[in-house]
K.L.:
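Please read through the structure below; I'll follow up with questions.
Because the structure is a prediction, the values reported are computed rather than measured. Remember, it's 1-based here, ligands and their atoms both numbered in the order they're listed.
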Amino acid sequence: KRRTVRRPPLPPGPPAEPLIGHLRIMPSDQEELVFHEWAKTYGDVMHLRVLGRDLIILDSVQAATELLEKRSALYSDRPNFTVYTSLMGWDLHMGFFPYGRRFRKHRKLLQSYLTQQSIVKFQPIQLINARYLAKGLMENKRDFGHYISRYATSVVMRIAYGHQIMSEEDEFMTIVNDVAYALNNCGPPGATIVDYFPILQYFPSWFPGTSYATFAREWKWAIDKLFNVPYEKAESTAEPSFLHSQMEAVSGKDLTDEDIQDLKGSAGVLFAGGADTTSSSLETFVLALLHHPVVQKKGQEELDRVIGHDRLPTFEDYDALPYIDCVTQEILRWHPATPLGVPHRAMEDDIYRGMFIPKGAIIFSNVKGINLDKNVYTEPTKFNPSRFLPKSQGGNEEPRPIATFGFGRRICPGRHLAAASIWIAVATMFATVNVNKAKDEDGNEITPEIMFETGLTSRPKAFSCNITPRSEKAIRIVARECESLYE
Ligand code: HEM
């Protein structure tokens, strides 16, 4: 007699319709918050099916760590990102590569360039650009978002290509802004209808669900520029950079097409992965300050006590400024720049906690949902950096938001660099400027809504604020510190 082996049940999820599954209830905006609400009913491992594709949503650090990290041999692949790769042109970005030889090659290069020890050599770049950020914010000739974006872009541009952004009209600023717009508006990564059914990319734009595909096609030129223009320009500069070191490694060799694509791609991901995420996080910081002014007060008090008013903070002050570190962690927790992470793909059938996870399932770690876990964070929607402080200093000793940078073999290789860039920018801003609410024509304060864009990366929806220098002395110190940039 043949025994039939019974497959364990799929993880729970909301009721589905025949054939189309959850298609009609799939959110198209702020999915992370909707998924987090559903998880309260269905649990931290949830199953959704859209047109025959299985999606697994992980809504706790425990589930994400146990699957994506402890079982990383099964979960390190990426799903099909038709909209991002074939249509928008991100196919040189290793973040979208399937797990395999080429992925491992790029990953190794980038990871070893960005370890906690190796990024120390980039601190002078971060420091001078943080001061240049303060100068811009104090002069206030443009929207604050411009200076934040210039800061984040300058840091990664110099590391990737050896190029320092000096002029407001720098071509790379335009490239990065265009790419940010494309990334912020192209829908959930790997989870649009065209990603499930690549054939739909050939359907006309009026066909239901193909609008993201049309958008992606229309913005492909921006991503092409991102990979090609800085690469072409960097060929003629001798400044030390990631690209320069890679070029030296292959000098004297006849480069194949794949070699050139590898060079363009691996330098391009530094720029692409690092600029928009860091600037989104700093805009989130400004928005949070408008809603929680006490954070600015506490941050400035710590700086004034430790550093005084005669100099600006440096990386050497890190250990003496624990509150600034907590602010950095709270920015990363409160609204992570990639709220749904970057999806992984199950490479084999698996069973977890008695539930069946089918091969090919697309696995989302709901980073924002995880960071809002009430079992871990008290009043999770409140921006409260003190939550990380030890109890002896009035804190809650809550854990750092590790989900923000993802999990396992695909964890963000730029995480140390990103945290350091945010830290020095926050410290420098506290030392030099006051962030306050803007006022309307009648002199009433404008409190912006806490709203974010939906895309692979997510920044606050446009808002206004009033940033002013903290003192005449701060203006003079910043101006003096920035002189070396012009030499
Ligand atoms: C606040 C800033 C940042 C956030 C929130 C962030 C977040 C993430 C997340 C969630 C992932 C996916 C991890 C996973 O699949 O589990 C990722 C991947 C990646 N990030 Fe970041 N990141 C940031 C900054 C950076 C920086 C500064 C760089 C480079 C300089 C960078 C380069 C990359 C790359 C190349 C990948 C793809 C890794 C892979 O697929 O193996 N990121 N990032």
K.L.:
Which is closest to atom 40 (O) of ligand 1 in terms of heavy atoms, Arg104, Arg409, Arg78?
P.N.:
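That would be Arg78.
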K.L.:
What atoms of ligand 1 come within less than 4.0 Å of a heavy atom belonging to Val342?
P.N.:
11 (C), 12 (C), 15 (O)
K.L.:
Would Asp91 and Gln261 count as having a side-chain donor-acceptor pair, cut-off 3.5 Å?
P.N.:
no
K.L.:
Distance to the ring centre below 6.0 angstrom and angle to the axis at most 45 degrees; does that hold for Arg410 and Phe103?
P.N.:
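Satisfied, under 6.0 Å and within 45°.
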K.L.:
Are side-chain heavy atoms of Phe35 and Leu340 found at a separation under 4.5 Å?
P.N.:
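Of all side-chain heavy-atom pairs linking Leu340 with Phe35, at least one is under 4.5 Å.
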K.L.:
Show the atoms of ligand 1 that are less than 4.0 angstrom away from any heavy atom in Thr404.
P.N.:
5 (C), 7 (C), 10 (C)
K.L.:
Heavy-atom contacts with Ser281 under 4.0 Å: which atoms of ligand 1 show up? List them by number with element.
P.N.:
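Here the atoms of ligand 1 in question are 1 (C).
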K.L.:
When you measure from atom 38 (C) of ligand 1 to every protein heavy atom, which one gives the shortest distance, and what is it?
P.N.:
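Looking at atom 38 (C) of ligand 1, the protein heavy atom closest to it is Arg107 NH1, 3.5 Å.
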K.L.:
Got a donor-acceptor contact below 3.5 angstrom from the Arg150 side chain to the Gly145 backbone?
P.N.:
no
K.L.:
Could an N or O of ligand 1 be found under 3.5 Å from any N or O of Phe407, whether backbone or side chain?
P.N.:
yes
K.L.:
Begin from the C-alpha positions of Lys105 and Glu258 and carry the test salt bridge (charged side-chain N to carboxylate O under 4.0 Å, His left out) through to its verdict.
P.N.:
CA-CA 12 Å; Lys105 180 168 150 196; Glu258 184 177 314; 3.5 Å; yes
K.L.:
With Asn228, which residues qualify under side chain to side chain donor-acceptor pair (under 3.5 Å), at least two apart?
P.N.:
Lys264
K.L.:
Salt bridge or not for Glu453 and Arg459, using N-O below 4.0 Å?
P.N.:
no
K.L.:
Nearest protein heavy atom to atom 16 (O) of ligand 1, by residue and atom, and its distance?
P.N.:
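Protein heavy atom at minimum distance: His344 NE2, 2.8 Å.
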K.L.:
Does the distance from a Lys or Arg side-chain N to an Asp or Glu carboxylate O, for Asp59 and Lys40, drop under 4.0 Å?
P.N.:
no
K.L.:
Should we say atom NZ of Lys374 is surrounded by more than 12 heavy atoms from elsewhere, each under 6.0 Å from it?
P.N.:
no
K.L.:
I need the nearest protein heavy-atom contact for atom 13 (C) of ligand 1: residue, atom name and distance, please.
P.N.:
Arg410 O, 3.1 Å
K.L.:
Taking a cutoff of less than 4.0 Å between a non-hydrogen atom of the residue and any ligand atom, is Phe271 in contact with ligand 1?
P.N.:
no
K.L.:
Give every protein N, O or S atom lying under 2.8 Å from atom 21 (Fe) of ligand 1, naming each by residue and atom.
P.N.:
Cys412 SG
K.L.:
What I want to find out is whether Glu449 reaches Lys461 closely enough, with some N-O distance under 4.0 Å, to be called a salt bridge.
P.N.:
no
K.L.:
Between the side chains of His335 and Lys368, is a donor N or O closer than 3.5 angstrom to an acceptor N or O?
P.N.:
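Yes, Lys368 and His335 have a side-chain donor paired with an acceptor closer than 3.5 Å.
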K.L.:
Using heavy-atom distances only, which candidate in Leu68, Leu110, Leu270 approaches atom 30 (C) of ligand 1 most closely?
P.N.:
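Among Leu68, Leu110, Leu270, the closest heavy atom to atom 30 (C) of ligand 1 belongs to Leu270.
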